Novice: 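Below you will find the structure I want to go over with you.
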Amino acid sequence: MAAAKDLKTPLLPASDDQLHGPQLILDVDDHPDPSASANQCSISINTQLDFDENPYAFIGSNGFEVPGSTTVDPFRNHTPRIEGVYECVKVLVCAPIALLRLVLFAFCLAVGYLATKFALHGWKDKHNPMPKWRCRVMWITRLCTRGILFAFGYHWIQRKGKPAPREIAPIIVSNHVSYIDPIFFFYELFPTIVASESHDSMPFVGTIIRAMQVIYVDRFSQQSRKHAVNEIKRKASSDRFPRLLLFPEGTTTNGRMLISFQHGAFIPGYPIQPVIVRYPHVHFDQSWGHIALATLMFRMFTQFHNFMEIEYLPVISPSEHYKESAVRFAEKTGRSMARALNVVQTSHSFLDYLLLSKAADSGHENPSLFVVEMAKIQQLFPLSSSDALDLLDRFLAMNPDPSGNVKIQDFLRVLRLKHCGLSQKMFDFIDVGKNGEIIFKEFLVGSAHILNQPLFQQACELAFTETDIDQDLHIDEQQLGASLMPAMGSLSTDEIGGLFSLFDGDNDGRISKGDFVNCLRKNPLLIALFSPYFMHKDLYPNASAGYLEEIV
């Protein structure tokens, strides 16, 4: 109250941390309009910004933190190559056996494929369960599947526990280690599975999983995921359909840990029986990590015997509380499976595998550096899979060194920036470790942080309006160059042309509003280039007085 009576007390906080954020200045006109009432004064609100440290303060950013992560790679196969005298001798000894196994594999696959084609012939009512006589024909395929497992070296399979009756647990979930997992479950349970749409076009496999009345899902389509959940509900609710099998991790791991679960199996709220799969080994890791399928098959064919263990865990029935939250139901199931496997469950996800694959395809010698525990990051920021992959593309273009670090010159080269005070501050903003280099996780989280600021979209639209000087809804190269001078100083023709080509997404020689906003969404750090336009702009025109007080 004392401060309120003292007109000399500053209206704005004086601490350094607060001065770096947006500051609201209340301008009081000591000489109001004579026509105004005697007890009124003129008050205007504008936003004055301090860019000394944070070039993104004008959109409300106060900096960000990079969440810590484990250094393990859950997708890494630990024996990707044949090494050691024992392994070399074993491969030579088993080479003749491998040929016989290959013949058995091909024979079983061909017979099973023909039986499946016969079972599917003329069947058009795919919305309802497969007729019983067709299911009996599929027993031929199931027996052939056991022959395929035998050919791969799984002469006997150790089981612990039993599958619960379908009416008790209509859904089974399992960890996913190898392509052998679904082959075994096809033989053991003949369930309905949920699979990627891309599997339908696979030779032989596509035909067989269609006979399982597969539920296809496109993981990048929200509508497809919603349809898949509805189909899971529909088929789980009817005893006429087979039980459902889902691999909630969404991809294969090396079996040394569980990764975060997707929630499709848990949303319906039906009782679930968890199943865990183990592949004990000494010399040959059977997991389908980041290793070629042909290589993995060859290694299996040249083993004396491959070990596999299946354990059916007790059924988990969701309480009324868990039915309201698929997340908690998934966590409860994950803890049960992790305890049985004696492993931890990490925050890695299927998207981490996509990042790993993209980094490996780019030729980087250590793609594991780009595995960042995306489930944890997506809890902090609603970042889509396509956005994350686009940001990795951008980072890989910066030529990270073998340790995954990028220096400022490569950062500026890819973003088409010249070295100046503002571009240095942009790099320093991302360089959370303050070591003069950035890693992918810093670039990803920093970009996501900017992208999800509540004023980001509005700032993009206002930046376009300010840059479009003649208001013809398009920006030419000269206009873009003029708009960047307050932030970056004088620019050469080549420097302006480089940035113009980055913004001109459709290469039509001019930048539309769509081009402009899409470029800033793909490169959210570039919004800082337009910060001078907001030095005296009110980005909070519709904000209430209470909201403005909170910002101050």
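Bear in mind the structure is a predicted one, so any value in this text is a computation, not a measurement.
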Novice: Could you walk me through whether F516 and F530 pass the ring pair (Phe, Tyr, Trp, His ring centres under 6.0 Å) check?
Specialist: CA-CA 12 Å; F516 190 85; F530 305 94; 5.2 Å; yes

Novice: Nearest 0.5 Å, please: how far is OG in S357 from CZ in F75?
Specialist: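 The CZ atom of F75 sits 8.5 Å away from the OG atom of S357.
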
Novice: Any donor-acceptor pair under 3.5 Å linking the side chain of K441 with the backbone of P67?
Specialist: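 Yes.
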
Novice: Do Q424 and H419 get their side chains close enough for a donor-acceptor pair, meaning under 3.5 Å?
Specialist: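 On atom types as modelled, these side chains qualify, holding a pair under 3.5 Å.
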
Novice: Using the side-chain contact (heavy atoms from CB on, under 4.5 Å) rule, take T333 and F329 through it: C-alpha gap first, then chi angles, then the decisive distance, then the call.
Specialist: CA-CA 6 Å; T333 306; F329 189 17; 3.9 Å; yes

Novice: Is any NZ, NE, NH1 or NH2 atom of the basic residue among D393 and K358 found under 4.0 Å from an Asp or Glu carboxylate oxygen of the other?
Specialist: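 Salt bridge present between D393 and K358.
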
Novice: As a quick check of understanding, evaluate side-chain contact (heavy atoms from CB on, under 4.5 Å) for T252 and V177, giving each step before the final call.
Specialist: CA-CA 5 Å; T252 54; V177 181; 6.0 Å; no

Novice: Quick one: does V214's side chain get under 4.5 Å of V194's, heavy atoms only?
Specialist: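 No - every pair of side-chain heavy atoms lies 4.5 Å or more apart.
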
Novice: Can you measure from CD1 (I450) to CE (M426) and round to the nearest 0.5 angstrom?
Specialist: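 Going from CD1 on I450 over to CE on M426, the span is 9.5 Å.
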
Novice: Has Q478 got more than 12 heavy atoms of other residues, nucleotides or ligands less than 6.0 Å from its CD?
Specialist: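 It does not: Q478 CD has 12 such atoms or fewer within range.
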
Novice: Is the backbone of G250 close enough, under 3.5 Å, to the side chain of R219 for a donor and an acceptor to pair up by distance?
Specialist: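 Pair found, side chain donor or acceptor close to backbone of G250.
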
Novice: Are L525 and Y56 packed together at the side-chain level, in the sense that at least one heavy-atom pair is separated by less than 4.5 angstrom?
Specialist: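 When only atoms from C-beta onward are counted, Y56 and L525 do touch, with a gap below 4.5 Å.
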
Novice: For the side chain of S403 and the backbone of N405, is there at least one donor-acceptor N/O pair under 3.5 Å apart?
Specialist: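 Flag not set: sc S403 to bb N405 has no pair under 3.5 Å.
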
Novice: Checking Y279 against D181: is there a side-chain donor and acceptor pair closer than 3.5 Å?
Specialist: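 Side-chain D/A pair, D181 to Y279: present.
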
Novice: Output yes when a side-chain donor or acceptor of S483 lies under 3.5 Å from a complementary backbone atom of L480, and no otherwise.
Specialist: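 Checking the backbone N and O of L480 against the side chain of S483, a donor-acceptor pair under 3.5 Å is found.
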
Novice: Is a donor on one side and an acceptor on the other found under 3.5 Å between the side chain of E197 and the backbone of Y216?
Specialist: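 A pair under 3.5 Å: no.
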
Novice: I'd like to check the side chain to side chain donor-acceptor pair (under 3.5 Å) partners of E249; sequence neighbours left out, ordered by chain and number.
Specialist: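 Counting only residues at least two positions away or on another chain, E249 forms no side chain to side chain donor-acceptor pair (under 3.5 Å).
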
Novice: Closest approach of F395 and I439, non-hydrogen atoms and distance?
Specialist: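 Heavy atoms only, the tightest pair is CZ-C, 3.5 Å.
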
Novice: Does any part of the side chain of L389, heavy atoms only, come nearer than 4.5 Å to the side chain of L351, both counted from C-beta?
Specialist: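 Answer yes - side chains close enough.
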
Novice: Which pair of non-hydrogen atoms, one from L520 and one from C460, has the smallest distance, and what is that distance?
Specialist: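 Shortest heavy-atom contact: CD1-SG, 3.6 Å.
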
Novice: Evaluate the criterion side-chain hydrogen bond (donor to acceptor under 3.5 Å, both in side chains) for residue pair S492 and D494; output intermediate values, then yes/no.
Specialist: CA-CA 5 Å; S492 68; D494 290 341; 5.3 Å; no

Novice: Output the distance between atom CD1 (I511) and atom CG (D476), rounded to the nearest 0.5 Å.
Specialist: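 Nearest 0.5 Å value for the CD1-CG distance: 8.5 Å.
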
Novice: Evaluate M488 against L417 for side-chain contact (heavy atoms from CB on, under 4.5 Å), listing each step before the verdict.
Specialist: CA-CA 9 Å; M488 304 186 70; L417 302 174; 4.0 Å; yes

Novice: If you measure only the distance, is there a donor-acceptor pair under 3.5 Å linking the side chains of S501 and R416?
Specialist: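 A pair is found: one side chain offers a donor N or O, the other an acceptor, under 3.5 Å apart.
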
Novice: Does a donor on one side chain and an acceptor on the other come within less than 3.5 Å for S260 and H348?
Specialist: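 Looking only at side-chain atoms, H348 and S260 do not form any donor-acceptor pair under 3.5 Å.
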
Novice: Taking all non-hydrogen atoms of both residues, which atom of I475 and which atom of F500 are closest, and how far apart?
Specialist: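 In terms of heavy atoms, the two residues are closest at O-CE1, 3.6 Å.
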
Novice: Kindly indicate whether the side chain of M374, heavy atoms from C-beta on, has any atom under 4.5 Å from the side chain of L355.
Specialist: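 Touching, per the 4.5 Å side-chain cut-off.
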
Novice: To the nearest 0.5 Å, tell me how far I171 CD1 sits from L246 CG.
Specialist: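 These two atoms lie 6.5 Å from each other.
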
Novice: State, with a plain yes or no, whether a side-chain heavy atom of P400 is found less than 4.5 Å away from one of F370.
Specialist: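 Sidechains of F370 and P400: in contact.
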
Novice: Step through the shown structure and confirm whether more than 12 heavy atoms of other residues, nucleotides or ligands are within 6.0 Å of CD on Q409.
Specialist: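 Yes - once you tally the heavy atoms of other residues, nucleotides and ligands closer than 6.0 Å, there are more than 12.
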
Novice: Do any N or O atoms from the side chain of S325 and from the backbone of R328 form a donor-acceptor pair under 3.5 angstrom?
Specialist: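 Answer holds: yes.
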
Novice: Check whether any side-chain heavy atom of I408 sits under 4.5 Å from a side-chain heavy atom of L412, and report yes or no.
Specialist: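 Answer yes - side chains close enough.
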
Novice: Search all heavy atoms of A360 against all heavy atoms of H290 and return the closest pair with its distance.
Specialist: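 Looking at all heavy atoms of both residues, the shortest contact is CB-NE2, 3.1 Å.
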
Novice: Using a 3.5 Å distance criterion without hydrogens, assess whether the side chain of S423 forms a donor-acceptor pair with backbone atoms of K418.
Specialist: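 At least one qualifying donor-acceptor pair exists.
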
Novice: Who pairs with R225 by salt bridge (charged side-chain N to carboxylate O under 4.0 Å, His left out), at least two apart in sequence or on another chain?
Specialist: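 Here no residue qualifies.
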
Novice: Under the side chain to side chain contact (heavy atoms under 4.5 Å, CB included) test, which residues partner N452, sequence neighbours left out?
Specialist: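 N452: side chain to side chain contact (heavy atoms under 4.5 Å, CB included) contacts with F381, P382, A448.
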
Novice: Would you indicate whether K376, at its atom NZ, is surrounded by more than 12 heavy atoms from other residues, nucleotides or ligands within a distance under 6.0 Å?
Specialist: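 Yes, NZ of K376 has more than 12 neighbouring heavy atoms, counting only those of other groups under 6.0 Å.
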
Novice: Report yes or no: does H364 contribute a side-chain atom to a donor-acceptor pair with the main-chain N or O of D401 at less than 3.5 Å?
Specialist: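 At least one qualifying donor-acceptor pair exists.
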
Novice: Among all residues two or more places apart in sequence or in another chain, which pass the salt bridge (charged side-chain N to carboxylate O under 4.0 Å, His left out) test with R278?
Specialist: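 For R278, the residues satisfying salt bridge (charged side-chain N to carboxylate O under 4.0 Å, His left out) (neighbours in sequence not counted) are E309, E311.
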
Novice: Closest approach of F429 and G63, non-hydrogen atoms and distance?
Specialist: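 Smallest interatomic distance, heavy atoms only, reads CE1-CA, 3.9 Å.
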
Novice: Quick one: are K513 and L473 in side-chain contact, heavy atoms under 4.5 Å?
Specialist: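 Sidechains of L473 and K513: no contact.
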
Novice: Apply the test side-chain contact (heavy atoms from CB on, under 4.5 Å) to residues S336 and L313: give CA-CA distance (whole Å), side-chain angles for both, the deciding distance (0.1 Å), then the verdict.
Specialist: CA-CA 8 Å; S336 173; L313 302 180; 4.0 Å; yes

Novice: What pair of heavy atoms forms the shortest contact from F58 to S531, and how long is it?
Specialist: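 Looks like CE2-CB, 3.6 Å.
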
Novice: Who are the salt bridge (charged side-chain N to carboxylate O under 4.0 Å, His left out) partners of D506, not counting sequence neighbours?
Specialist: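 Applying salt bridge (charged side-chain N to carboxylate O under 4.0 Å, His left out) to D506 gives none.
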
Novice: Tell me whether D410 contacts the main-chain N or O of V414 through its side chain, where contact means a donor paired with an acceptor under 3.5 Å.
Specialist: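 No, D410 side chain to V414 backbone: no donor-acceptor pair under 3.5 Å.
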
Novice: Any side-chain heavy atom of M337 sitting closer than 4.5 Å to one from V173?
Specialist: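 M337 vs V173: side chains touch.
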
Novice: Any chance you could measure D387, atom CG, to Q378, atom CD, to the nearest 0.5 Å?
Specialist: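 Rounded to the nearest 0.5 Å, the CG-CD separation comes to 10.0 Å.
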
Novice: Out of curiosity, T253 OG1 to W288 CH2, how far, rounded to the nearest 0.5 Å?
Specialist: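 Rounded to the nearest 0.5 Å, the OG1-CH2 separation comes to 13.0 Å.
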
Novice: Treating N254 as the side-chain partner and N77 as the backbone partner, does any N or O pair qualify as donor plus acceptor under 3.5 Å?
Specialist: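 Looks like no, no N/O pair under 3.5 Å.
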
Novice: If the condition is salt bridge (charged side-chain N to carboxylate O under 4.0 Å, His left out), which residues does K522 pass it with, not counting sequence neighbours?
Specialist: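 Once residues adjacent in sequence are excluded, K522 has no partner under the salt bridge (charged side-chain N to carboxylate O under 4.0 Å, His left out) criterion.
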
